[in-house]
Amino acid sequence: MVAASQQACIVGIGQTEFSKASGRSEQQLAAEAVLRACQDAGVDPKSIDGMTTFSLDNSDEVDIMRSLGCEEIKYTTRLPQGGAASVATIVHAKNAVESGICDTFLIFRAMNERSQYRFGQPHFNISPDAHSSTFMEWCFPFGAQTPAAWEALSCGPYLNKYGVTSEDLGRIAVTFRKAAATNPASWFYEKPITLDDHQNSRWIVEPTLRLLDCCQESDGGVAIIITRADKAKDLMQMPVRILGAEYSMLFNHEIISDFYAGDLIRNENSEIVADRLEASTGIAPKDTNVAMIYDNFTPQILRQLEGFKYCGIGEAKDYVKDGHLELDGKTPLSPNGGLMGEGYIHGMNNITEGVRQVRGQAANQIENANTAFIASGVAGAIIGK
Amino acid sequence: MRPDPIQRLDTTFFWDACERGEFLAQKCEPCNKLWHPPRPMCPDCHSLEKSTQNLSGKATILSWVRQVRPASFGFKESPIVILVELEEGLRMVSNLVGDEPPEIGDPVEVDFAKTSGGKAVPVFKKVAS
């Protein structure tokens with residue numbers, strides 16, 4: 001464990017508006033988000049000396065440096081596994097600054113995944129040897145060609161075993177949209193839904209996912225600045241400490257197309273992450289004050305609630321039904337409205353919301369939010385005052 | 001019509017066999033373990049010596065879906081997609097012949113379907129339980 005003065009802290013967050021047609025390039029969205037994060041922190045963008053993003057991000061590090069004027073980058077890395085690894089960016093940021101390699105570390109993700117390409121639609125021109133897409137070879141000729149189809153296929157055994165109904169999933173969507181309705185930054189601001197709306201929404205993938213079980217496709221950018229506590233204390237915002245951050249990728253497991261290993265019931269990697277976090281921080285995810293859990297599709301919430309040990313295996317649908325995910329419940333879930341309600345910047349806007357909650361600056365502020373759990377399947381982090 | 005499979009150097013044996021009406025898995029020659037999806041190296045013994053083994057074609061349905069919106073690209077109508085566990089313990093994504101949704105646990109057996117470019121892929125049909 002590092003000395004308190006050397007602990008990694010999130011000191012700046014920035015985001016663009018979340019829309020369906022940004023009208024500008026992904027590089028520009030990234031640059032705008034980074035500038036806002038730097039202004040929020042009170043650091044000069046030229047001083048950024050390390051950065052990470054997703055392997056799927058289209059903006060090159062060189063171009064980010066060109067726009068922001070970063071003088072020298074000492075460490076870069078790109079992460080596989082799409083949104084499932086969104087919180088793994090925190091693991092890398094923590095290591096980069098606590099090791100002393102970097103002083104001012106940037107995480108960025110920007111995408112025009114609604115106006116420039118449809119992230120949720122079949123992409124049949126992907127090279128089979130391109131990063132993260134060899135799995136397509138075994139799905140595409142069988143007509144399983146979208147994230148929704150892969151998700152529904154992989155969670156079928158779980159939903160079947162525990163008798164999870166479409167109404168059970170609908171309650172999750174209603175919860176997200178209720179929070180989004182009172183968050184002015186969300187795409188679905190002032191647009192809550194009822195369980196009937198969910199039940200009447202069209203099928204995307206039978207027999208599991210309706211339209212309102214799916215996250216959005218959004219245009220937008222998000223950026224986060226991390227440094228060490230001794231530097232953070234002189235900046236603009238109250239530092240939000242990264243108390244713990246863990247990541248687990250397991251043999252023969254894939255991400256959304258996780259068909260080939262395990263019992264198709266438990267999220268073993270989430271269980272490992274939860275255990276390691278509790279061991280390293282003394283805090284279990286369920287003991288934090290707010291939960292930012294990656295919501296690409298509603299079934300993922302059930303499997304992660306169980307994987308991160310908020311409840312026992314098979315109990316998540318009742319945990320939701322009992323109202324625990326409401327903003328005044330014991331596990332307030334994504335008060336920004338999550339990726340379904342606020343916007344889908346590949347999970348990164350859930351991290352910035354976790355930071356706002358701990359700072360006390362959120363639109364739907366949870367009282368006494370001293371700690372937040374941010375999670376994306378294979379990765380999780382606990383942040384706090 | 002059904003899209004052709006993407007073929008890679010490490011996997012083309014699987015699809016070529018389907019064209020001949022053979023259903024194969026990669027077998028590690030020294031340790032006899034079967035692997036799917038195929039890969040260049042045995043993850044157990046790290047041998048590069050690979051052969052193939054004929055599979056029985058008997059399988060059980062673990063999960064099924066139908067991609068409604070957008071409809072499956074290349075198909076006249078979106079097929080029923082199934083995840084199966086083969087008798088040999090391997091799992092794969094495939095299709096159920098016909099348009100009647102199955103029950104999880106239904107037994108199926110392999111068949112082959114042609115693709116738009118004259119290739120073939122393994123699909124499954126129901127058998128009496």
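Chain letters run A, B, ... following the sequence lines, proteins first and then strands; every chain starts at 1. Every heavy atom of this structure was used, including side-chain atoms; hydrogens, water molecules and symmetry mates were not.
Within the 4.5 angstrom heavy-atom criterion, no atom of A:Arg118 approaches chain B. When heavy atoms are compared at a cutoff of 4.5 Å, A:Ala144 approaches chain B by way of both its backbone and its side chain. Heavy-atom distances place both the backbone and the side chain of B:Arg66 under 4.5 Å from chain A. If you measure heavy-atom distances from B:Pro43 to chain A, the contacts under 4.5 Å come from the side chain alone. In this structure, chain A has heavy atoms under 4.5 Å from both the backbone and the side chain of B:Leu83. In this structure, the portions of B:Ser94 lying under 4.5 Å from any heavy atom of chain A include both its backbone and its side chain.
Contacts of B:Pro70 classified as side chain to side chain contact (heavy atoms under 4.5 Å, CB included), with partners at least two apart in sequence or in another chain: A:Gln121, A:Pro122, A:Thr146, B:Gln67.
Between A:Trp138 and B:Phe14, the gap from one ring centroid to the other is short of 6.0 Å. For A:Phe251 and A:His253, the distance between ring centers is not under 6.0 angstrom.
Cation-pi geometry between A:Arg109 and A:Phe54 is satisfied (NZ or CZ under 6.0 Å from the ring centre, within 45° of the ring normal).
Side-chain N or O atoms of A:Gln216 include one that pairs as donor or acceptor with a backbone N or O of A:Gly341 at under 3.5 Å.
Taking A:Ile204, A:Leu264, A:Leu209 one by one and counting their heavy-atom pairs under 4.5 Å with chain B, the maximum is reached by A:Ile204. Your options are B:Leu62, B:Thr11, B:Val93, B:Ile80, and the one with the most heavy-atom pairs under 4.5 Å with chain A is B:Val93.
Taking CD of A:Glu137 as the start and CD of B:Gln7 as the end, the distance is 7.5 Å to the nearest 0.5 Å.
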